[in-house]
Every structure is written in structure tokens, then in C-alpha cells.
Amino acid sequence: MSEPVSALDGAACEGFARVAEQGPRGMITLRGDLASVAVKNAATGVAGVDFPGQRECHVVGERGLAWMSPDELMVMLPHAEVPAAVATMTGALSGEHSLVADVSDARALFRIEGPGAREVLAKLAPVDLSPAAFAPGMIRRTRLAQVPAAFWMAGAETFELVCFRSVAQYVFDLLKGAAAPGGEVGYF
Amino acid sequence: MLILHCPHCGVDAEETELAPGGEAHLKRFGPGSSDAEFESYLFHRENPRGVHFERWRHAFGCGKWFIAARATDTLEVFGTYRAQTAAPPQDIRDAITAKRPGWAWRDLA
Amino acid sequence: MRRYSVFAVAREAARYHTGWERAWASPEPKKRYDVIIIGAGGHGLATAYYLGKNFGITNVAVLEKGWLGGGNTGRNTTIIRSNYLQDPSAAIYEKARSLYETLSQDLNYNVMFSPRGVMMLAQTEHERRGYERTAHANALQGVETSFISPDRVKQLVPIINISGPRYPVLGALWQPRGGTARHDAVAWGYARACSAMGIDVIQQCEVTGIRQKGGKVAGVTTSRGDIACDKLGIVVAGHSGVLAQMAGFRLPIESVALQALVSEPIKPCIDVVVMANTVHGYMSQSDKGELVIGGGADGYNNYTQRGSFHHVEETVRALIETFPIISRLKMLRQWGGIVDMTGDRSPILSKTPLENCFINCGWGTGGFKAIPGSGWGFAELMARGASPLTEAFGLDRFREGRFIDESVAAGVAH
Amino acid sequence: MSTRLQTGGRLIDRNARRGFTFNGRRLEGVAGDTLASALLANDQMLVGRSFKYHRPRGFVAAGAEEPNGLVNLGTGGRFEPNQRATTTELFDGLACASQNHWPSLDFDIGAVNGPLARFLPAGFYYKTFIQPRPFWKHVYEPFIRQSAGLGQVPAERDADRYEHFYAFVDVLVIGGGIAGLQAALAAGRAGARVLLIEQTAHWGGRAPVDGVTIDGHPAEAWIARALKALEGMENVTLRTRCMGAGVYDHGYALGYERVADHSPGDTRPRHRLWKIRAARIITATGAIERPLSFAGNDIPGVMLASAVRDYVANWAVSPGDRTVVVTNNDDAYRTALMLREAGLVVPAIIDARPTASGPLVRAAREAGIRVETGRGIARVKGAKRVTGVALCAQAGEGAVLEEIPCDAVAMSGGWSPVVHLWSHCGGKLTWDAGQAHFRPDPERAPTSHDGAPFVIAAGSANGYLLAGEALADGDAAGKSAVRSLGMAAKGGAVPKAEAEAEGPMTPVWMMPQGAGAELRMKMWLDYQNDVKVSDVQLAAREGYESVEHTKRYTTLGMATDQGKLSNINGLAVLSQSLGADIPQVGTTTFRPPYTPISFGAIAGEARGDTFQPLRRTPMHRWHEENGADWEPVGQWRRPYCYPRDGESREDAVGREVKNTRQNLGLLDASTLGKILVKGPDAGRFLDMLYTNMMSNLKPGKCRYGLMCNENGFLMDDGVVARIDEETFLCHTTSGGAEHIHAHMEDWLQCEWWDWRVYTANLTEQFAQIAVVGPHARDLLEKLGGMDVGAGALPFMAWSEGEIAGVRARVYRISFSGELSYEIAVPASQGLALWEKLVSAGEEFGLMPYGTEALHVMRAEKGFIMIGDETDGTVIPQDLGLHWAISKKKDDYIGKRAQQRAHMVDPERWQLVGLETLGGGVLPEGAYALAPDQNANGQRNTQGRVTSTYYSPTLERGIALGLVRRGPERMGEIIEFATLDGTTMSAKIVDPVFYDKDGEKQNV
């Protein structure tokens, strides 16, 4: 196996917020009955974080669980651990109607950091990003300009955002433009 | 620019996050049905100037389909509910009746 | 009724234009007519006009709930073309286009038909193949079109960006005798000509019911009393569903909002009509200098004549990509119309389950360009019970699966 | 002359000089000037020409309602036509030019005054230019187009950037006058999230100009305090230079922020379009003064009384030395008093009212200003500049009583609330007879998604013209907004605003009342479009009775000012001519935007690289670096071919086809959709989705499948691989993935929601590479890692393992007819594997090939291509694909549709191969001729070409086509029409041109 290559190989830029594409991150789609104990255990077992409720996202470093829809979770963990984790989960869920799939390489992951991070996203997504409405622990799947994306907060002033790998460059260009110096809005 | 509440993920989503799917609660007619039934299933629509039940998909969000009860003349939304519902739920119908006494949709009121 | 001419204007000028008569009469409804047309938009008025002109049927009333020409006739982007792919469409739209050529003279009312040329850009290989196919079809349909090179496109429209980078222009389907006309004038001109033939155009008269006797049309109930008729034509675009319900049948129709917008007027910079379907926008320049712009329709039922702003965004960004210099121009006004979309996006000109009741609807986003042809064919259908122009547009096609699908080549029909 | 006064000017800084040019002339203004005030300070009263008659035009107003003062602004990439000088902040180096004249502003040959204009009344062009027919296109229209159009056309690409911003608030307050400020205070104190936007660069609106006092202090003091309080509130955001452009359904509103128009070229975006979602919107948008309709009211020097006041108070500019004031209300007296105070001459106040009393009138009289009541202006004298006015009795027909020399006229016909934003989303109006204007009807406000009213008008925008009422109304609006949102409105005594009381106004729609036709032809309603009182009366006479008819017939209110000054006056004239009440006649519809907004702002970030998403495969960069000639496929970009030095596209394609057939080709197939379908009911589900049977596919095997929509038409195709008992992987066409995935979810969620099936779109998880050609197996075996031999991996099978050390799934499928493997690896490994294949393939003569070679090869094999052989009207039965339509299944999506009369018609056009007799290539899209014409005179046809190529393999033209009863007519020769009028003969043959028995792909 060669070293896995992320979509933009870690491209980054500095504006009134810092935008950086992250290296490969392990991501597993888990579909099933989120009320089922087997599903809960399979997810928390490999992710090592609390099971998320509706639109919740629990992340600790590279590990995390995100609520994607009433029957779908995204499991996050180090890229190298994915094959083993998929096997473990599939095993744990045998006999349970569910779907486990490695989607690590189908995505690109970005970090938007700094006091202006909220504003950068508020220029591109039809989402209320005021601190009162969006805070750490939440995830929002939405539209970033013209493509689907999902983001959550990894800290008070840090967002992590995923989009499909094929549009990574488009999303990077969007974020770079939105964070360009001179574009500060001063709203939040 | 509509806002609709997605009953699956709880987001009040703006129209640009959603994909419209046309009239809801259509009964599918397949092989064995008459030409008239099939034509009606595929093409005939209520298209009311008033209360309408229509399908929406939270396309940029949780990806789930839901149904909205909406007035096509004022764009008032009386409620939304999951697509896995055979007929408009009573509470939605009551909400409509409260606002629009005597409304009718197909044989419903 | 006095004829319009430059001499008439000069004569009136001498007395400060105090001597002009009404452009059309404003009669009280009679108790009975041979034919009633519901809807005094372009299609309804044209139908009445050709009933009189081609079939000598002038005991006709055109009933309008608001003011004539107040619907989509006065809300569209005034594009006239007939470069359609399917035979039935090409036939009726080309009939319309050719009637537009002489309409000002026929009606003695200047509708300002301007055959400045219409081009549809091909911006993907798939679109290019589609338009080359259309060009072949048009050649056999008697519609004058050709597929032109990118250089020719640039020559006809210097402000266009043909080199992309995103969607380089690979050529265009060009109809030199397509163009535009003054939309209000089309309705006013037909109304005036109808009035001159003794046809009653009755505004502020809303139809509230359709009366039947023995499975046949007997007349209509209106806000101004009952009116009897032998034959009834429903020509009410977005409101067809509502009227059909009164007549007791359903239609394969959905009414949605379609938006258009204009820029502030600038000096002439684009002499032809340009349609870019890949990026989804179309543009021409009015004689006042405004850029007249149209785009997509909402995907949900709407009767408010207000659309969603994101369609305006989508259209504007497409046109900036295509015509970079418009970026610093300004949007002066946006508006919405209610368009009636059918199952195959082609119109319905048809008999109905109710005998002697006919319907003309479903023009979707493409109605204005068809007005004279639609009136011509629908009048023949109502007078004779059949017309080669309307034959393929019957309601029965949806049951048989005999669709007329234009989206095939054009992507979207405008 | 108009000039800068020695003292005063609340908005300017006299010490900060700003140089600018007008028509090339160097002029000087000061910081705080608008372009309009700076021009007036330089005695530049003549600033443009009208639209139709090219009449000389000067400033009438001082704000957004200005109809005349439009200029070509800036140069090069920052050039902009039709910029309104009254809303353009002056900056150093500003360059502008007047519009719509030739050769010059002072001498414009387009100008047709007096006698000629008489021949061009409203709608004259509908009645003329009819004969002779060709003249419209070739003579009349070109002339009309040239003379119309106002501003110049930009020549360069826009040099600026734009952006959007999404804001969500409880209360949006539009308008930063005292009513808006108070509304924001009231809402802010209650804890609501408030956004307050003001279109100008300054807070406070008219109050400071009109000498309003609040709680005993000058308005300015209170405004400063209010701002301080608001800035202190966490939950309140303030924005100047941000106009409320439009109000849309469900509380959506647009704010148009002109971030850097006054500082072009700095790092900031030029405009920011705010997309605001507000639970409640308060429109405190003020009111606009109406002109009076008297002969010559369009001559430069005739201005709104309030505008004259603005210029003096805000910018210390006097429009004239001798200014006659003409009015029908008390408010205009403020202008007279201010002018007098500034040391200027006011020869007279002409008041159309029979009598006038009230404090302002008294003050004027006490100041020694001559007040003439019951009088009007018969006509204004002058051409490019006012030289005097002729007095007459308002009640009469215009007999001149006296002539008063003057160089400016300040007029006031009363005030109209700015109701645009209230009306955009359906808010209705009510007629206020006392003040002769329409104001919002609170009983018929626009309603939102919950059916509740969401727009509240406040202050003078709500018809409360007096400062005291306006401020109180702003407070009430703020409080009712928060209350309606379930918040408690905090008290706080309402500040008391005071200004001199005003006596009642009297509506005056024409001056003088009995003016004859000749005068009425000189009374302008719409200054920019040249619509006069006589035009509206003509429209009414001719039966254009609806206000919409009149508007469209005369073009009243359709200019770039959208009739802000002319609508009510025109409406009044119309209703008088019809003998109807004004409310009966009603207004035209108010459409967004309030004032024009830039296309750049609307497009926002969607330009250049971010115009649309461009999708790239993991190997994209390699293709780029290796000279790919791109083809857009949906939002993907795929190599069409890889031309080598000096090679044409055609040659490249030929080379790629030949090399793939003879040696080895490599294709990036990553764009193919890959959807995982899993669950106990997965097989059953796929049996409904595909026309053929999938449930009996064996794990480890692949099967080609067809998908139709419920209407029976073919929508997609692709290979399905069964992974295990419960799991299938469905391949879709490129760009079809999202669409097909949505299609699956639609049926699973909305029709068969009790079926136990999950899907996942894995399209982008995998890079997929097709290794194609006689040496395909040699290459894979050389790289090693798994057994790809015919035994272990036969045709239409798949297996999992490693290729060159990369975890891979290998499908033995072929779209070219050659021995072919499609290798799927994680996207992060795609480029690495591709490069390994390329270098290891060298010895086998490997070359990458593009989409066109793919198309040619599939056509040589007679394989259909979705989008070529299908176009949304074709069913599988048309394509001879009966073998892929299960007879065993009693249902699948589209089956019922395919049983309809027209679908089973034996006359349908069906797929065949076409061989030109001469070996030439049939034109794309050509139709096959049939005898005779149809009833509409169109030539009959019997088929068409769907794919046509030069086959490098067979060295001749080949084509696929749909022909009536085609398969029954093998060997028959039919004629295809070409565009040059000739025809080409082609023989109907089997669609498979190459390796009919499939020996090559089965080895």
C-alpha cells in the first residue's frame, strides 16, 4: 500500500481565518437502527466516544461519532485503523440489518480556524452560525455554495468540514475567497 | 424563499437545501391497472389554488423525504411529516381546518 | 374604427391628440354567444381573432377576470423562435413565427416583431449533438436554422465569452428569423382587431362556473351574470386546473412560478437573442436598452406570481459567465409569472371530456412565441373539430404515451 | 447659479478636498459630498438628457428617488453606467460622464423639443412604423435602439469581487431614521436579535435637516445617544451603506451593502449581498416628496423642496440664488426659511391652497417672505436652466398674472410613504385622503410560513409624517414586533420629538387646475421616460384604463427610478381622467429591488473558478500534466483524448482506439457511479429497479442492467456486481450517480419503506481504472498480487485482492469488446496505481485513452450509450435489449408504462447498424427520409442517426440509428438527408460491427 494521498495534499491558506485541508481521516458510514444496542456498541466500540443524539457530533482528536440522519452515523477514526474497524463492526452487526462502509477516501476534510471562522462559513451556507445557534457538539449537514457539505466544531473557534473528494478544490477556493483579507463582516 | 421544517433531522431548512418532489400520497398503479388508472397516477395532479400536500427531500441535509402541507396561494405551511405516512395525519388536517374552515383536498377535509 | 398611421398621428397632433377613440370597445356582456373564450391573454384573443378572420365566427365573447394581456402575455421575455426538434412543435411554432412576420400589418397595430435572430449555445458535446440533430430536423420541417461555428457566434455577439474556460462555446443553433416582439402590443393589437370585427372583449368578468346540459357545454356563470354559449374555449394558462375542475375534468398540469428580470437600460450591445441552456439563462436587449433575462422555474406549485430568489441568482451568475461585461450592470426589476407545466412540457390544445368544451393550456415557459399559431390552430379546432396544427397536442397522448418531448435536445424549453 | 455656501454643511469636511472629473473637466468637492452635491457646488446643474426627447435634465432630488442625475462612472474594469449621482459618495479621483446625448451634453442633436415632441405622444410607435413591413427591422428599430439606452456599455471584465452573507435575526429594521433607530432600540431592549440597516452612510434620516428636536435637544444629539445605546447591545448589529433591496416569502430579505463603492480598489469586496432570514421585518423606509405638475417642471433648476433643504443643510450647497418655492403644504415653508437663513433670496412662496396658516406659514410671513396663496405656476421659463416663473391663479386656466425672475424652483406636492418593501411580498395599501397618499394597511400585512404577519411599517413609511408621531410609531413597531415573537417589550419612556405643527395640505394634481392641452403637454410626470400629464390622459382616452395598461402604454414609472416620484401623480391624473377614485384605480405592483442592485452582487462568489463546482478524479492532475483535451461531463471533466505533439483530435482518437485494440489502453473510469445496496430485501428491490432479474445473480458475478423511470423510458444502465447474499454494488453512468442514488432512496423511503434495504453512494470512495486490450492480463500479472487468469476471473466476474500492493476489487467487464479489467481501489491510492500501471505498461505499448475513443469502441461493438441512443423518449424495447428485460417478473419500474398503446406500436423506430455505401461518415443527428409530407407540410421521416463515427478499426464510417421497423429491414438501403440538401445512402445492418462473437473479450 502506498501512503494514502488526501484530495489536496494538505493545501492551506491564511486569511482572517485559517483554512487548511487535513490529511486522510478514517470515516465509516454506519446505517442501521440507531436505537439498537448492537449498533450503539459497534459505533462507540471503535470510536471510543459517546453515542450522539439527533444532530450531535462528538469528536476527540481524530475519533468521533456524528449523527448524519435518523438511520445513519459517521464514525471517525485514524485512517489506518479503518479496515480493522470495518471488520470489527461488520462482525458485531452480523444478523442485524445494517450497512457498514468505508468512505474515508470519498471525502475531503477541512479545518477553518480563528475568530473569523463563523463568518467564513456564514458567507457560504444558509445556516444560522451565531454562537447561540451553533456550538461545539453539533453537526450541520447543508449546502456550501453549490455542493453538499457537513461541519461541526472541534473547538471554540475551530470548524471541521467535510465534502466530497471530487469537489475539494472548489470548496478550498470557496473558503479561501470567503476568508480573504478585507472580507471581515464583523457580525458575530 | 420557503422555509420547511424537516421532521427527520429537526432542521428548519431553507428551500435551497431541499428538493421538491411533487404531489404526495399518490397511489402507485403498476401492471394490471387500467390505462386510465395509470395515466391518472402518472400525470393527473391536484394542482390546487390552496391547500396542497407535497413531497420534499432534504437533499443537502439528512437526505430524507418528508411531506409538507402548504397553501399554494399564500405559501403558508400548516405542517410537515415523514414521507412514511399513508395519508395526511389528523393533527395536520385539524391545523388546516383551524386556519381554513371548509378546505378540501381530494376527498379530504 | 379609424386606422392607425403616421398621418393619423400627425392629424391628431394638430389638436393635441384629443380626438383619439378607444383602442377597443368595452361592451356589456350579451345573454348568449356562439363561442365564449375564457381568458383575454394573447392565446385567447388570438383564438377569437382567427375564429372571426378565418371562419367568419364573430358572435364571440372573450371573458377576462382582470385586464386583458395581464397574465403571462405581459410577463415574459418576448422571445420568438420555432427551432424545435419534434415535428408537431416545429409546425405550430413556425406557423406562429411566420404569422408574427406580418402581424403588425394584419392587425394595423405595431407589435414590433424584430426578427433579429435567436441563437442557442452548445456548450457540451451532448448539447452540440442535440442541436445538430435539431438543425437536421428543422431542415425537413421547413424551419430555417443552421448550426454555426464559435467564430460566427462571436461575430454575431461580440460581448460573448466563447472560450469558457468552464463551458467553451462549441457552436450554436442559429435561427436568423427568430427574434422578439413587444409583448403588450400583441395582446392590445389582437384586442383592437377583435373589437373591430364586433367580437366582445369583456374585462373585469370572472368566470365562476361552467354550466352543462346533457353532457354538453351550456354556458358560464360569471361575476357579471350567466352567459350562454354553444362552444367554450378555456385559455387561462396557470389557472387551467381551476377552470378544468369547474368543467369536471382533471389535467396533467402543475402551476409553478417562473421568473424574469431586466437590467437598467444601456446602449445597444447585443443584437440577437442568446440562450445558454447548459448554464441555464437567456438574454436579449429590448429597444429601450434593457437586458431582458430569463431562467429557470420553481419545482413546486405556486400561485403567488412571486418566485424564489435563488433562481435569479442561478440565472445571473450564468449570464455573467457568458457575458462577463454585465457584471457591473444592475438589476432593475424582477417579476414572476405562473406557468402551467404539462407531463411532457408540451402544450395541450384539445377537446375535453365535456362536449363542445375545448382547452388550450400547458404552454409552460414557451407560450408567447406561439400566440398567433396557437390561436390559428385552436380556432380551427373549435370551428371544425380538428386541426393538423393541434392534432398531436390532444389530452389523449398522456394515456397512450405519445409524448412530445422537447427537453430531449434543448435541455429546457423557453 | 448653484454654489457652495461659506458656512454650514453637517455632513462635509471642508478641509478634506476631493478632486474629480465630469465630462473630462477637473472639479473639486470635499469629503462627505455626494457626487450630486459636489456637481452642484461647481454650478453643474445640467447633468443629463431625458430618455425619449433628450430634454436637458438637472437634479430634482437628493436621494435614491433621483430620476435625472445618472452618470457613466469610473473607467476600465471599474466602469459602471447609470450610476445615481445622488447616492454616489464622492472620492478622490472619481471620474464620471453624463449620458444619453450626442455629440455633447450642451448640444444634443437628439433633442426634439416643443413642436416635434407633439408628434410623439405616448404609444405613437404602436400606431406608426407599420408600413412598409421591412422598415421596422432595417430602418425604424435601429434608429429607436440607437437613441434609447442611457448609459454606455462596459468594455472590460469587472475588476472587483463580491460576496454573500447569511444572517438570521428576530427583527430586521430597514431604515436608519429616527423611527428605525427607535424601533431597533425597542426591539433590542427586549433582547431580540436585531439587524438595523440604512442605505446611506449616515444615521438619522431627515430629522436633523428638518430642525426636529427630541426631548428638548436637537435631533442629532438624540441620534448620537441612540447609536451609542444600540452599539452597546450585544444582540444588535448596525449597518450603514446597506439598503433593504427586497422582501420575499417566509421572512427572507435582501440587504445590498455597498462595502467599497466609496473606496474603489481597496482590499474589500465591492458589494455584499445579505441574505437575511427575519422573523419580523420593520420597514422604516421614510417617505418621498412628490413633485407638482406644472408646465416646465422638468427644466434644470426645478427641484423638490426637501432636496433643496438637504443640499443646503447637509452639504452647504445652494441650488440657486433666487429660489421660488411652490407648494400645497406647510412643509415646504421650511425650505424657504432655511434659504432665507442662509442669506439667499426667496422671491416668493406660491401656495396653491386658498388660504394658509399654521406656525411655519406665520414664520415665513414674519421673516418677510412674500406668500401668495391660491396661486400656481403657469409655466417655468428657461431651457437648460430656470430663468423665471409665470404666476397664475391655481383655480384658473393659466392666464399669467406676473412673472418672477429666479434661477431655482423648490416644489412640494406632499409626501408619499416608501411602501415598496411592505408591498414586495403582498402587503396591501390603504388610501389616506387627508395626506393624499397610500400607506400600509396594517390589517393586510404580508404573511409568513406560519400565516402570521411578518412586516410592520414604521414612521413616515407608515404615514406618520410628523416627527413626533414617527418616533412614537417606531417605538410601537419595535415593541409589537418583539411581542408578536413572545418576548416582553421593556418599557422605557418614548422620547418626545417635536417640530413645528403643520396645517392641512390640499391635493394638487395639476397646476393650474384648468390647464389646457398645450400646458398639459409640458407637465412632466416621469422625468426620465418623458411621460407627461397629457400622455396619461391620452392612455385613459384610448381605453388603457387599467393602471397596468397605462403604465405599459406610457412607460410611466418604468425608468430606472421605477416611478418613485411619478407613480402617485400619474395615478391621480389617470383616476381624474377616468372619473374614478384613486383607491379604485389602485397602484401597480411593486417589484424588487427597491433601487437597482449590481449583477455582480447577485452572483456573489459564483464566478471564475467558483462559478460552478468542477469535479476532479484522483488522477485529474496526471491527465492535465499529460496533455488531456478536456470534455465536460456533467460537473466532471474527463479527458476527451490525449493529443501528442502536432496531433489533431481526430488523429489522437484514432491512435488511442487502434492502440487499445492492438496493444493496451488505460481509461480513468472513476466517474462511474458506484452505489452499495444492502439488506435482506436488496435483491427484491433491484428486481423492481432494473428491467432484468438481479436477485438470481450469483455472488462474485456481474450483470449488465437497465433502469427505466416509471414512465417507461430508459434512464440509466450499468453493471451490477453481487458482493454477497445481501449486498450488491450498482454501477451507474458518469454523472448519473447522485441522480440514481436519489431515485433509489425515493422509492425506498416513499413507496417501499417497509423493505429492509440500505444504500450508500460510494462513487468517490474508489478510483476506477479500466485496463483494456490484448495485453491487459499480461500487465496485471506483471504487477502481481492476485490471480486474474481466465479461470479465476472469467468474463463478467469480479474478485478482490491486491494489485501492485494496493487493496483492489477487479471487475472483468468490457465496454470496448477487448479483454478488459476494471480495477477499483481507494481514491487515496488511485494516482499511485495509475502511475504504476503506466510505467509497467510501457513494454506492452500502453497508452491512456479518452472518452471519444471509448465512444468509438463501444459503437464498433454496437453497445448503446445513455444520452446518445437514448434521449428520454426511448424504451429498452427500441434498442433490441429484450434479453435484458425479464419476462418472469410481473412488475418493475416502467413495466406498466411500456404496455401503453404507443409503446407497443410495431411502427416504433428501433436500433440498427448503418453502413454508408461509400464508406463515408453519416452526419450527426441526420434523419432518414420517408416519402411525401405530413399535413403540416413537413417532410416525412423514418429514422435517425443516434451515433456516428469514423471507425479506425474498420477504416470506414459506422453508425447506429433508430429506424422504423428497423430490425425487420436488414440489408435495405435508406436515404439520409444532409444539411447541404443532398442525401447519403446507408444500408441497414446489424449494430455489432466488430468481433460479433465476442471472442476478444472472452479470452
Side-chain angles (χ1 to χ4, degrees), chain C residues 4 6 9 13 16-18 20 22-24 67 70 87 91 104-105 109-110 114-115 124-126 129 132-133 135-136 139-142 166-167 184-185 264-269 287-289 309 313 316-317 320-321 324-335 388 400-402 405 408, chain D residues 80-82 118-119 121 124-130 133 137 141 144-145 148-154 157-158 248 517 538 541-543 546 548-549 552 560 591-592 596-600 602-603 606-607 611 631-632 867 871-873 900-903 924-927 935-936 938-939 977 979:
Chain C
Y4 288 155
V6 64
V9 172
Y16 303 103
H17 304 280
T18 51
W20 291 109
R22 299 183 60 95
W24 51 78
W67 44 281
D87 287 352
S104 296
Q105 292 71 33
Y109 199 100
N110 189 353
S114 169
T124 65
E125 286 294 330
H126 179 259
R129 284 191 290 270
E132 292 200 359
R133 175 182 166 192
H136 279 93
L140 302 175
Q141 294 157 341
R166 190 43 159 288
Y167 294 109
D184 294 318
E264 296 183 324
I266 54 170
K267 291 299 176 188
C269 64
D287 289 342
K288 279 185 68 188
F309 186 74
E313 268 178 54
V316 167
R317 67 183 179 228
I320 290 178
E321 180 75 3
I325 61 131
I326 73 168
S327 176
R328 289 180 91 88
L329 303 183
K330 302 186 222 67
M331 174 171 80
L332 175 60
R333 185 170 67 251
Q334 72 170 100
W335 68 92
E400 297 165 3
R402 197 180 302 274
D405 190 334
V408 172
Chain D
E80 175 183 16
N82 303 319
R118 190 193 273 198
F119 293 92
F124 75 96
Y125 33 72
Y126 297 122
K127 299 169 180 161
T128 55
F129 303 138
I130 297 174
R133 184 158 73 83
K137 168 96 188 298
E141 189 179 34
I144 290 174
R145 279 170 80 80
L150 290 183
Q152 287 304 322
V153 181
R157 270 172 190 269
D158 194 337
Y248 300 81
L538 173 62
R541 188 176 309 122
E542 292 191 276
S546 142
E548 280 289 346
H549 280 157
R552 291 153 180 261
T560 66
R591 300 286 188 185
I597 65 177
S598 67
F599 284 139
I602 294 169
R607 52 169 59 217
F611 161 59
E631 170 185 8
D871 63 6
T873 68
R900 291 172 298 188
H902 184 58
M903 302 294 177
E924 281 183 332
Y927 279 77
N936 291 315
Q938 300 169 315
R939 178 64 189 260
L979 286 176

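In this text the structure is predicted, and so the values were computed from the model without any measurement. Quick note: numbers below take in every heavy atom, side chains included, and nothing from hydrogens, waters or symmetry partners. The chains referred to below are lettered A, B, ... by the order of the sequence lines, with proteins before strands, and numbering in each begins at 1.
- Interface residue C:Ile320: only side-chain heavy atoms are found under 4.5 Å from chain D.
- Relative ring orientation between C:Trp67 and D:His549 is described as perpendicular, the plane-to-plane angle rising above 60° on a 0-90° scale split at 30° and 60°.
- For C:Lys330 (side chain) and D:Thr560 (main-chain N/O), no donor-acceptor pair under 3.5 Å exists by modelled atom type.
- Ranked by heavy-atom pairs shorter than 4.5 Å toward chain C, the options D:Arg133, D:Gln152, D:Lys137, D:Arg939 are led by D:Arg133.
- Of all heavy-atom pairs spanning C:Glu264 and D:Asn82, the tightest one is OE1-CB, 3.0 Å.
- Between chain D and the options C:Thr124, C:Ile326, C:Val6, C:Leu329, the largest number of non-hydrogen pairs under 4.5 Å is found for C:Leu329.
- Between the side chain of D:Lys127 and the backbone N or O of C:Val9, no donor-acceptor pair lies under 3.5 Å.
- Contact annotation for C:Asp184: only side-chain heavy atoms (C-beta onward) come within less than 4.5 Å of a heavy atom of chain D.
- With D:Asn936 contributing its side chain and C:Ala91 its backbone, the two residues share no donor-acceptor pair below 3.5 Å.
- For C:Glu321, the part lying near chain D is the side chain, with the backbone staying farther off; criterion is any non-hydrogen pair under 4.5 Å.
- Ranked by heavy-atom pairs under 4.5 Å with chain C, the list D:Gly867, D:Ala926, D:Ala977 is led by D:Ala926.
- When each of D:Arg900, D:Arg552, D:Arg157 is scored by its heavy-atom pairs under 4.5 Å with chain C, the top score falls to D:Arg552.
- Nearest heavy-atom pair across D:Pro121 and C:His17 is CG-CE1, 3.2 Å.
- Nearest approach of D:Pro596 to C:Leu332, heavy atoms of both residues: CG-CD1, 3.9 Å.
- Of the two parts of D:Ile602, the backbone and the side chain both hold a non-hydrogen atom closer than 4.5 Å to a non-hydrogen atom of chain C.
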**Request:** Show your working on side-chain hydrogen bond (donor to acceptor under 3.5 Å, both in side chains) between D:Arg607 and C:Ser327 and close with a plain yes or no.
**Result:** CA-CA 10 Å; D:Arg607 52 169 59 217; C:Ser327 176; 2.7 Å; yes
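- For D:Glu542 (side chain) and C:Ala23 (main-chain N/O), no donor-acceptor pair under 3.5 Å exists by modelled atom type.
- Between atom CZ of residue D:Phe611 and atom OH of residue C:Tyr167 there is a gap of 6.5 Å, rounded to the nearest 0.5 Å.
- Rounding to the nearest 0.5 angstrom, the gap separating the CZ atom in C:Arg133 from the OH atom in D:Tyr927 is 4.0 Å.
- Qualifying side-chain hydrogen bond (donor to acceptor under 3.5 Å, both in side chains) partners for C:Arg328, counting only residues two or more places apart in sequence or in other chains: D:Asp158, D:Asp160.
- Ranked by heavy-atom pairs under 4.5 Å with chain D, the list C:Glu125, C:Glu132, C:Arg402, C:Gln141 is led by C:Arg402.
- If you tally non-hydrogen atom pairs under 4.5 Å between each of C:Gly289, C:Cys269, C:Gly401 and chain D, the highest count goes to C:Gly401.
- Counting heavy-atom pairs closer than 4.5 Å to chain D, the top-ranked of the candidates C:Pro115, C:Ala135, C:Gly70, C:Ala185 is C:Pro115.
- Interface summary for chain D: among C:Arg317, C:Arg22, C:Lys267, C:Gln105, the most heavy-atom pairs under 4.5 angstrom belong to C:Lys267.
- The two residues C:Pro268 and D:Val153 come nearest to each other via the heavy atoms O-CG2, 4.1 Å.
- Residues satisfying the ring-ring contact (aromatic ring centres under 6.0 Å, His included) criterion with C:Trp335, sequence neighbours excluded, are absent altogether.
- C:Ser114 and D:Glu141 make their closest contact through OG-OE1, 2.8 Å (heavy atoms, listed as atom of the first residue, atom of the second, distance).
- Ranking D:Ala603, D:Ser598, D:Ala517, D:Ala935 against chain C, the residue ahead of the rest is D:Ser598, based on heavy-atom pairs under 4.5 Å.
- Between the C:Asn110 side chain and the D:Thr128 main chain, a donor and an acceptor come within less than 3.5 Å of each other.
- The candidate from C:Gly142, C:Pro324, C:Ala139 with the greatest count of non-hydrogen atom pairs under 4.5 Å with chain D is C:Pro324.
- In plain terms, the two heavy atoms of C:Arg333 and D:Arg591 that are nearest each other are CG-CB, 3.7 Å.
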